Amino acid sequence: MALRTILVDGDDLLRKTSKPVEHFDARLHDLLDDMAQTMYKARGIGLAAPQVGVLRRVFVVDLGDGTGLREFVNPVISATLGDQVYEEGCLSVPGWYGNVHRPARLTVEAWDRHGRPFRLDVAELMAVCVSHENDHLDGVLFKDKVDGELVKL
Ligand code: QAP
Ligand code: CO
């Protein structure tokens with residue numbers, strides 16, 4: 001396991017579209033392990049592979065509410081419902097916050113690290129986090145979507 005460097009806003013890699021994972025192998029497991037370690041060290045609740053310079057469709061989430069770590073490989077948001085506003089931040093936009101509209105609930109279909117498919121219905125903060133992390137895979141940052149002022153903490 002190793003800590004990876006989190007890229008910050010301004011780095012071109014954060015604006016690229018990531019490619020699907022093709023092999024559910026030891027390299028993927030290393031990436032997922034490193035991403036979790038890097039997220040925990042930075043005290044984040046979500047981290048996407050492009051934030052550590054890897055342009056693959058992978059993210060990890062741990063809301064810190066006891067539900068534990070969840071890993072998403074090649075995720076697809078297949079349904080959304082409603083709207084919520086949350087004051088978001090991002091490990092790649094350190095110190096900045098702003099209100100973003102996201103679906104209130106969503107269905108995400110993805111694969112785990114072993115290539116087993118799963119489907120998850122999420123709401124509230126988990127829906128915010130999945131939507132936010134999924135955006136990273138398409139080169140979108142929360143600051144692109146802020147409703148109102150982007151504010152410095
Ligand atoms: C994405 O964001 C997110 O600026 C994950 O100084 C955000 O983990 C999902 C962080 C809001 C749901 C709601 C940001 C840590 C962490 C900072 C993060 C900072 C230290 C952001
Ligand atoms: Co982010």
Side-chain angles (χ1 to χ4, degrees), residues 1-21 28 31-110 112-113 118-153:
M1 280 231 279
L3 282 176
R4 302 215 185 184
T5 302
I6 300 176
L7 305 182
V8 295
D9 187 24
D11 194 306
D12 290 343
L13 289 176
L14 290 172
R15 295 309 193 167
K16 308 275 194 203
T17 299
S18 291
K19 297 186 183 76
V21 166
L28 174 66
L31 173 64
L32 285 163
D33 292 343
D34 291 357
M35 286 173 61
Q37 189 186 14
T38 303
M39 175 182 74
Y40 289 129
K41 171 92 191 310
R43 305 191 119 277
I45 60 171
L47 187 71
Q51 293 181 272
V52 295
V54 176
L55 297 180
R56 292 288 172 177
R57 303 190 78 82
V58 173
F59 61 78
V60 296
V61 171
D62 187 339
L63 300 185
D65 62 355
T67 51
L69 180 69
R70 278 219 120 93
E71 300 172 334
F72 299 80
V73 179
N74 297 343
V76 175
I77 295 174
S78 56
T80 65
L81 198 67
D83 179 272
Q84 61 175 325
V85 181
Y86 194 92
E87 187 175 46
E88 296 187 19
C90 178
L91 290 170
S92 293
V93 192
W96 292 90
Y97 297 87
N99 288 324
V100 179
H101 290 260
R102 303 277 184 189
R105 314 180 63 91
L106 62 83
T107 303
V108 56
E109 299 181 51
D112 71 10
R113 62 165 60 207
F118 65 94
R119 178 187 298 141
L120 212 56
D121 291 307
V122 297
E124 299 176 313
L125 183 59
M126 190 63 179
V128 176
C129 205
V130 166
S131 175
H132 175 118
E133 300 311 328
N134 196 64
D135 273 353
H136 278 296
L137 309 183
D138 295 316
V140 175
L141 298 178
F142 86 93
K143 56 177 271 202
D144 306 340
K145 296 186 162 182
V146 164
D147 183 1
E149 277 285 85
L150 186 65
V151 295
K152 183 88 177 147
L153 190 72

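As the structure lists them, so they are numbered: ligands from 1, and atoms in each ligand from 1. Residues: numbered from 1 along the sequence shown. As the structure is a computational prediction, the values presented were derived from the model and not from experiment.
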Would you indicate whether the side-chain heavy atoms of [Y] and [X] approach each other to under 4.5 Å?
| X | Y | value |
| --- | --- | --- |
| Thr107 | Arg119 | yes |
| Leu69 | Val61 | no |
| Met35 | Val58 | yes |

query = Does Glu133 reach ligand 1, in the sense of a heavy atom lying below 4.0 Å from it?
reply = yes

ask   = Phe142: heavy atom below 4.0 Å from ligand 1, yes or no?
value = no

Salt-bridge criterion met for [X] and [Y] (N-O under 4.0 Å):
| X | Y | answer |
| --- | --- | --- |
| Asp62 | Arg70 | no |
| Arg113 | Asp33 | yes |
| Arg15 | Asp144 | yes |

Atoms named by residue and atom, protein N, O or S, within reach of the Co ion (ligand 2) (under 2.8 Å) = Cys90 SG, His132 NE2, His136 NE2

request  = Look at the side chain of Arg57 and the backbone N and O of Leu137, then say whether any donor-acceptor pair between them is shorter than 3.5 Å.
outcome  = yes

Asp34 side chain to Ala2 backbone, donor-acceptor under 3.5 Å = yes

note = When rounded to the nearest 0.5 Å, the distance separating CZ of Arg102 from NZ of Lys145 is 5.0 Å

task = Consider only side-chain N and O atoms of Gln84 and His101, and report whether a donor and an acceptor are under 3.5 Å apart.
result = no

Can you list the atoms of ligand 1 that are under 4.0 Å from a heavy atom of [X]?
| X | value |
| --- | --- |
| Gly95 | 4 (O), 6 (O), 17 (C) |
| Pro94 | 4 (O) |
| Val128 | 12 (C), 13 (C) |
| Leu125 | 12 (C), 13 (C) |
| His132 | 1 (C), 3 (C) |
| Tyr97 | 4 (O), 6 (O), 14 (C), 17 (C), 19 (C) |

Could you identify the single nearest non-hydrogen protein atom to [atom] and state the distance to 0.1 Å?
| atom | answer |
| --- | --- |
| atom 7 (C) of ligand 1 | Gly89 O, 3.3 Å |
| atom 8 (O) of ligand 1 | Ile45 N, 2.8 Å |
| atom 10 (C) of ligand 1 | Leu91 CD2, 3.4 Å |

inquiry  = Using a 6.0 Å cut-off, check whether atom CD of Glu87 has over 12 heavy atoms from anything other than its own residue.
reply    = yes

